[in-house]
Asker: 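Have a look at this one.
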Amino acid sequence: MARREEYEAVIGLEVHAQLKTRSKIFCWCSTQFGDAPNQNTCPVCLGLPGALPVLNREAVRMAAKAALALGCQINRVSVFSRKNYFYPDLPKGYQISQYDQPFSEHGEVEIDTAERDEHGRPIAWRRKRFRIRRLHLEEDAGKSIHDGMPDSDRASYIEFNRSGVPLIEIVSEPDFRSSWEAYDYMQYLRQALQYVDVCEGNMEEGNLRCDANVSVRRRGTTTFGTKVELKNLNSFRFLQRALEYEINRQIEVLENGGEIMQETRLWSEAEGRTYVMRSKEEAHDYRYFPEPDLPPLVVSEEWIEEIRRELPELPNHRKWRFMQQYGLSIEDAATLTSTRALADYYEAVVRETSDPRASANWILSELMGLAKAAGIEPFASPVTPSKLAGLIRLIAEGTISGKIAKTVLDEMFRTGQPAETIVRERGLVQITDATHLEAVIRRVLEANAAYVEQYRAGKEKLFGYFVGQVMRETQGRANPQLVNDLLRKLLTEG
Ligand code: ADP
Ligand code: ZN
Ligand code: MG
């Protein structure tokens with residue numbers, strides 16, 4: 001493994017993202033997931049003879065939003081082409097895609113990326129640019145189902161609800177130099193597509209899919225090695241682990257004097273390895289040609305600019321702004337901007353509290369913990385930004401202690417009541433009255449005369465015990481600083 005350092009990985013990703021349109025890309029069928037098998041079909045998406053495709057305007061809009069979010073240039077004219085191959089779930093015998101005149105090209109994203117230690121923890125973040133070669137529109141194929149159906153020992157089933165669902169394919173340049181760079185890019189891609197609201201971004205459910213191309217070369221060389229294509233990467237971790245495995249496998253082959261074969265390999269998560277699916281000789285010749293049933297796709301400069309104006313602040317910029325404006329760490333800013341809804345929630349709280357640090361802390365540690373345990377998103381809880389801000393204000397004003405505030409938040413989360421109401425009705429207001437507290441403390445010290453003696457004889461550890469007793473007497477409502485001060489005074493006094 002000493003040799004590992006002498007090599008460098010070269011990785012390019014081909015990502016398919018399902019657009020969230022209500023109808024399919026070339027017909028009016030619903031894209032609803034989970035409907036009865038083959039319910040959402042028509043002559044167009046079943047590929048029946050004579051049926052003609054009509055392009056879905058909304059799919060083009062969404063593709064444009066994605067393209068602009070990823071810094072791509074949208075071509076004024078693009079062309080649909082037929083990609084010919086035979087497959088049972090491809091009834092036309094070709095997929096309508098784009099080939100030599102794609103919808104958009106020349107994108108670039110600048111993102112934070114980090115290598116990880118053996119526990120998957122980021123080591124050091126740095127900003128890096130990754131180029132996107134093209135982003136084009138195409139249709140999805142149907143689905144073959146070989147298991148888990150009645151008779152599936154004798155029959156295969158074909159499901160066409162997915163046939164004709166709009167996809168964008170996003171092809172990167174081979175700019176990634178490690179599995180973690182590819183992983184961070186993929187995470188960013190999902191986040192950006194979610195920010196512009198064009199894709200659900202769920203890899204496990206297959207509405208975001210990724211094929212990875214990977215080769216290795218000796219450090220310092222500029223030519224690329226032979227690449228292998230990896231498939232079956234159904235989660236972010238699979239992508240990262242498959243790349244890591246494949247990089248090591250290729251280095252080992254080369255170190256043993258072997259040669260890398262250009263082939264497609266499948267990742268097996270169960271075995272933790274890749275294995276050959278097909279070699280270059282079996283690769284398809286797709287015989288692309290322009291789709292005669294669709295005119296070229298023409299979009300105007302004004303239309304592109306209109307969409308550009310509709311774009312929200314993108315996730316990387318929002319994160320960097322949060323770090324600058326609110327003084328947050330990269331990790332906290334990343335979590336708070338992970339979705340637009342959470343980032344909006346956070347900023348709504350900050351607007352009311354003017355305390356970015358406390359607002360972040362209460363969301364990141366307490367609210368997110370409660371939400372996670374309840375299986376909901378933090379911004380979907382009954383604790384609205386105003387209500388959380390109300391709680392934070394009560395702490396800042398000294399009405400309740402931070403400790404009591406946690407109890408209050410629990411109840412807010414369960415009942416949706418404002419903090420003020422809970423504090424008032426349950427009598428949780430902090431005791432800051434020194435005379436009152438002094439009386440409580442005197443009682444505690446009298447009841448623990450033996451300990452007081454030991455404390456005065458030098459057993460200073462007992463101080464914490466006295467604090468605990470006072471807190472118990474006051475149901476946690478005593479102002480902690482005041483308890484400390486008074487205790488010290490009374491203990492030295494006596
Ligand atoms: P192909 O003609 O085999 O489809 P492309 O040049 O179209 O190959 O590239 C497909 C993907 O593979 C792109 O994402 C690209 O960045 C990546 N890629 C190309 N060459 C290499 C290489 N030598 N190593 C790793 N990835 C590569
Ligand atoms: Zn249809
Ligand atoms: Mg290619």
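A quick note: this is a predicted structure, and the numbers were derived from the prediction, not measured. This chain uses plain numbering: 1 for the first residue, then up along the sequence. All ligand and atom numbering here is 1-based and tracks the order in the structure.
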Asker: Regarding Arg218 and the six-membered ring of Tyr7, is the cationic atom NZ or CZ under 6.0 Å from the ring centre and inside 45° of its axis?
Answerer: yes

Asker: Closer than 4.0 Å to some heavy atom of Glu173 - which atoms of ligand 1 meet that?
Answerer: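 Near Glu173, meaning under 4.0 Å from one of its heavy atoms, ligand 1 has 16 (O).
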
Asker: Should Lys92 and Asp293 be marked as a salt bridge (Lys or Arg N to Asp or Glu O under 4.0 Å) after you check the CA-CA gap, both sets of side-chain angles, and the distance that decides it?
Answerer: CA-CA 13 Å; Lys92 295 195 294 294; Asp293 292 338; over 6 Å; no

Asker: For atom 8 (O) of ligand 1, tell me which residue out of Gln262, Arg134, Lys227, Glu229 has the closest non-hydrogen atom.
Answerer: Lys227

Asker: Using heavy atoms and a threshold below 4.0 Å, how should the contact between Val171 and ligand 1 be classified: side chain, backbone, both, or neither?
Answerer: side chain

Asker: Tell me which part of Thr226 gets within contact of ligand 1: side chain, backbone, both or neither, using heavy atoms under 4.0 Å.
Answerer: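 Contact part for Thr226 vs ligand 1: neither.
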
Asker: Going by the order shown, which atoms of ligand 1 are within less than 4.0 Å of some heavy atom of Ser215?
Answerer: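 Every atom of ligand 1 under 4.0 Å from some heavy atom of Ser215: 22 (C), 23 (N), 24 (N), 25 (C).
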
Asker: For Tyr188 and Leu314, which heavy atoms make the closest approach, and how far apart are they?
Answerer: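 Minimum heavy-atom separation between Tyr188 and Leu314: OH-CB, 4.0 Å.
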
Asker: Taking C-beta and beyond as the side chain, do Gln240 and Trp180 meet within less than 4.5 Å on heavy atoms?
Answerer: yes

Asker: Please name the residue in the list Glu108, Arg133, Arg131, Glu181 that meets the side-chain contact (heavy atoms from CB on, under 4.5 Å) test with Asp175.
Answerer: Arg131

Asker: Pairs of nitrogen or oxygen atoms closer than 3.5 Å, one from Gly225 and one from ligand 1: do any exist?
Answerer: yes

Asker: With heavy atoms of Val10 as the reference, note each atom of ligand 1 found under 4.0 Å away.
Answerer: 24 (N), 25 (C)

Asker: Let me have the donor-acceptor pairs involving side chains of residues 360-375, under 3.5 Å, with sequence neighbours excluded, atom names and distances please.
Answerer:
residue	atom	partner	partner atom	Å
Asn361	OD1	Arg357	NE	3.4
Asn361	OD1	Arg357	NH2	2.9
Ser365	OG	Asn361	O	2.6

Asker: For atom 7 (O) of ligand 1, state which one of Glu14, Arg131, Arg133 supplies the nearest heavy atom.
Answerer: Arg133

Asker: Is there any N or O on Pro174 that sits under 3.5 Å from an N or O of ligand 1?
Answerer: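 Min N/O separation from ligand 1 is below 3.5 Å for Pro174.
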
Asker: Give a yes or no on whether Lys406 atom NZ has more than 12 heavy-atom contacts from other residues, nucleotides or ligands under 6.0 Å away.
Answerer: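 No, NZ of Lys406 has 12 or fewer neighbouring heavy atoms, counting only those of other groups under 6.0 Å.
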
Asker: Taking the six-membered ring for Trp, are Tyr288 and Tyr99 closer than 6.0 Å centroid to centroid?
Answerer: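 Distance test on ring centres: under 6.0 Å, yes.
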
Asker: What do you reckon, is CZ of Arg219 surrounded by more than 12 foreign heavy atoms closer than 6.0 Å?
Answerer: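 Atom CZ in Arg219 is packed in, count exceeds 12.
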
Asker: Specify the closest pair of heavy atoms between Arg287 and Asn84, including all atoms of both residues, with the distance to one decimal.
Answerer: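 Closest approach of Arg287 to Asn84: O-ND2, 2.7 Å.
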
Asker: What protein N/O/S atoms lie closer than 2.8 Å to the Zn ion (ligand 2)?
Answerer: Cys27 SG, Cys29 SG, Cys42 SG, Cys45 SG

